[in-house]
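Worksheet: one structure, shown below.
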Amino acid sequence: MRRYEPSEIEPAWVARWEAEGLSEASDDPDDPRPRFYALDMFPYPSGDLHMGHAEAFSGGDAVARYAAMRGHNVLHPIGWDAFGLPAENAAIKHGVAPREWTYLNIEQQARSFRRMGMSFDWTRRLHTCDPEYYRWTQWLFLKLFERGLAFRRESPVNWCPKDATVLANEQVVQGACERCGTPVERRDLTQWFFRITEYAQRLLDDMDDLVDWPERVVTMQRNWIGRSEGAEVTFTIDETGDEVPIFTTRPDTLWGVSFFVFAVEHPLVPRLAELGGTWDLVRPLLERVRSTPLAQREEADTKEGVALGVHAVNPVNGERVPCFVAPYVLMEYGTGAIMAVPAHDQRDFDFARQHGVPVRVVIQPEGEAPLDGDAMPEAYAGEGLMVNSAPFDGERTPQSIAKVAAWLRDQGRGAPAVSYRLRDWLISRQRYWGAPIPIVHCLDCGEVAVPEEQLPVELPEDVDFTPGGESPLARHPTWKSVACPNCGGPATRDTDTMDTFVDSSWYFFRYCSPGFDAGAFRPDDVHRWMPVSQYTGGVEHAILHLLYSRFFTKVLFDMGLVGFTEPFPRLMNQGQVIYGGAAMSKSKGNIVEPMPIVERWGADTMRLQMLFAGPFEDDIDWKLIAGDPDKRPGVTSWLGRVFGVVADAVASDVTEHEPLVRLTHRTVRAVTEDMDRFRFHTAISKLMVLSKEMRSALDAGHGARGAAEALVPMLAPLAPFAAEELWRVDLGHAESVHRAPWPSFDPGLARQERVVLVVQVDGKVRDRVEVEADADEAACREAAVASENVRRSIGDRAIRSVVVRPPRLVNVVTER
RNA sequence: GCGAGAGUGGCGGAACGGCAGACGCGCCGGACUUAGGAUCCGGUGCCCGAAAGGGCGUGGGGGUUCAACUCCCCCCUCUCGCACCA
């Protein structure tokens, strides 16, 4: 009896595969195979691999191995997203240098990946914290700087007091720091931004036809970009003549404006309050709001605000309406000032009721009693007819919106406009462990790019990286002092580092030509390998990483460096691995780690457990899947049976009987379909059926060699060690199963010769009859009525009609 | 509130509009065993029935159809994302 001993066979195959260079991609331009770029989201090196990695990479590796067996030249690289805050936090907590901590973890993860047998091309391995990598991150920064896409601006920023750093909008979750949960404060700092807003429309448009992604990811990106159509309209401050533009999605309600509101941060506010004699009331509000953490500001739902004592003139009817300043208006969206239409906007309505401002109805729902601004209980935001809005009375909303917008343009009082929720990408970080921003500040020359030949601007080693207000680099005694590259005068380096999302926005380009030192990537190689054939990773990157990478790719396209605008046409998200219905976490004490499973039961078991648990994109509740951790997992037992059945098939010299041959061909067809759609769990179930039928055939004295020759290669992407062992040792092949062609099937043999005909009476199954697969309608009908059971069910009722779908189904419909 | 997705045995999950519950876990019974956390065989949606067979079943309610887990309408529940975005 062939025994299955994963702990003996797996490490040996790891070594042999690597010696054979099994997973190395060919850069030969004449390689006749179609290329396939299988990309997994690269890991962050915090500790050893966790269950999420185990699941994602089990799927990604299956995709890569399957593609290779289907005849592709596969690029399946690995690297580490190695800059970032946790390395510094570990340094502060444990007194180990960020670099040391990071590389220790990388080595640990690399060992674990090897043990798992991931088919990575290790020759292309990269770490974003290596100078030869971040040299090109800095180079890309300079390219954006040259094109005006990287710029510095003083702006209110999210500030995490615990981590002592600025955070991107995307890193603020419900008003708190994404990493540590501390409420975020506001500060005004001069920061570097990438002008991603310039690409908002293209980022939106290209999702329509250039990407085939999970619907929810597309939706999340759409919502994040947040395109709104409407109009920009300019109001005039009566007392000063200041012209203040506002954005509205409802220009059809312009005639219902009864007040006007500025954001707290709006630059006109202090002057207007001074003029209006309200500064004494306004100033406390401004100060309070500015010092309030964003978290609490968002929670405040009271319609607080203060009148400014000045008035805005409505350009459509010349009316003077009072101006307010209120926190519910955001400086970051639109223009930082709004027209307020309480009758048709709930927020404006609440504010108006609070402050005694009149509510004027200008949209009347059709067929209902006239709305009364003084009595209505809430704003009416629905459709209706415009009223009190000469010259537009009687126009139907929402169709009227575009008409009014066009009219505004013709009248010179405004224009149709589009507004986006997307903000520019704040990339400055006042931290040590990141790529330094390659800019020198010179008193005479201003912001000067570090010349390309001086890249990388390397991180110094001897740094005090405890957090504190400014970048650790700023506190280094000598690092920042430098001669201005432009005039040679004394100057200082920019002491901020880049957001790690910058590092991860282009790593997939670098994989194509990892050693290239004349640029971030060799265009020929990128042209040959990209775009990525299949991207695999967690949905937690649905917005940030994917959006930024798409932005970078479009910039590179505009620079003429790449010939495509979308890096990842196809994306699949694995689900999360949870435990007992909740995310695994230290505080819950419910963390399960993959490596102990690999050590005890084998990497193939770990992979099969992940892939067999359910659809790849669904969450896996490990508590429900794994059962007793000391009991042999079901998939391990199955692999053991496969070892036995394959060995027996080899030992048997009798020929196979036809039913098994046919099942084998059917299984190849079905498993191929499943693999093409990443339906690993159903693929595995079909392999289980095949192996079971092989066992039955052998026990009945038939052969199963042909079935084994198909079963083992189909197992290879899913359980690569077991498949390799069986392929080379038991089946005696010289070459690796992972270089074997995917099995093919004969459509004639894949067809069943006899099928089960289901016979229904009035839609209820009454019998099942075996018929020839090519049985025609008459034959099916005949077989159906021949059934005793069917005749009894019909009884003495008359037959009204008989639906026949040969060779699967007959439905006898009776008169009732 | 807005948007997306999902509700099927004890559990994970299958199912081109055509046999609901494939495959697996668990459980029950049996075999082999000093043992079983190993292996093998059989059973396992619920109800009636000794069996043959029958009835009921895919969150709830309607509808389309010879036929609905699947398509349409309404409702309920859950998960995720966004959330004062003008």
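This structure is a prediction, so every number in the text was calculated from the model and none was measured.
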Practice problem: Produce a footprint string for nucleotides 39-56 of chain B: one letter per nucleotide, 5' end first; B if the base is under 4.0 Å from any protein heavy atom, S if only the sugar-phosphate is, - if neither. | Solution: SS------------SSSS
Exercise. Any chance you could list the contact pattern along nucleotides 3-9 of chain B? Use B for base contacts, S for sugar-phosphate-only contacts and - for none, protein heavy atoms under 4.0 Å, 5' to 3'.
Key: SSS----
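Within the cation-pi definition used here (under 6.0 Å to the ring centroid, within 45° of the axis), Arg421(A) qualifies as a partner of Trp224(A).
Within the 4.0 Å cut-off from OP1 or OP2 of A86(B), not a single side-chain nitrogen or oxygen of Ser419(A) is found.
Remark: Ala337(A) pairs with Val244(A), Ile246(A), Phe260(A), Phe262(A), His266(A), Thr335(A) by the side chain to side chain contact (heavy atoms under 4.5 Å, CB included) rule, at least two apart or across chains. Residues forming a ring pair (Phe, Tyr, Trp, His ring centres under 6.0 Å) with Trp622(A) (at least two apart in sequence, or on another chain): none.
Within the 4.0 angstrom heavy-atom criterion, no nucleotide atom of any strand lies near Lys623(A). As judged by a 4.0 angstrom heavy-atom cut-off over every strand, Gly226(A) is placed among residues making no nucleic acid contact.
Judged purely by distance below 3.5 Å, without hydrogens or angles, the side chains of Ser58(A) and Arg607(A) never pair a donor atom with an acceptor atom.
When the P atom of C25(B) is taken as reference, atom CD1 of Ile620(A) falls 16 Å away, rounded to whole Å.
In this structure, Phe351(A) and Tyr328(A) have tilted ring planes: the angle between them lies in the 30° to 60° band. Note: Phe643(A) and Tyr4(A) have tilted aromatic rings, judged against thresholds of 30 and 60 degrees for the angle between ring planes.
Here the closest non-hydrogen pair linking Thr664(A) and Ala707(A) is OG1-CB, 3.4 Å.
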Atom pairs, protein N/O to nucleotides 62-67 of chain B N/O, distance under 3.5 Å:
from: C66(B); atom 1: O2'; to: Asn811(A); atom 2: ND2; distance (Å): 3.2
from: C66(B); atom 1: O2; to: Asn811(A); atom 2: ND2; distance (Å): 2.7

Atom pairs under 3.5 Å: protein N/O with N/O of nucleotides 11-16 of chain B:
from: G12(B); atom 1: O2'; to: Ala613(A); atom 2: O; distance (Å): 2.5
from: G13(B); atom 1: O3'; to: His681(A); atom 2: NE2; distance (Å): 3.4
from: A14(B); atom 1: OP1; to: His681(A); atom 2: NE2; distance (Å): 2.7
from: A14(B); atom 1: O5'; to: His681(A); atom 2: NE2; distance (Å): 3.2
from: A15(B); atom 1: OP1; to: Arg679(A); atom 2: NH2; distance (Å): 3.0
from: A15(B); atom 1: OP2; to: Arg679(A); atom 2: NH2; distance (Å): 3.1

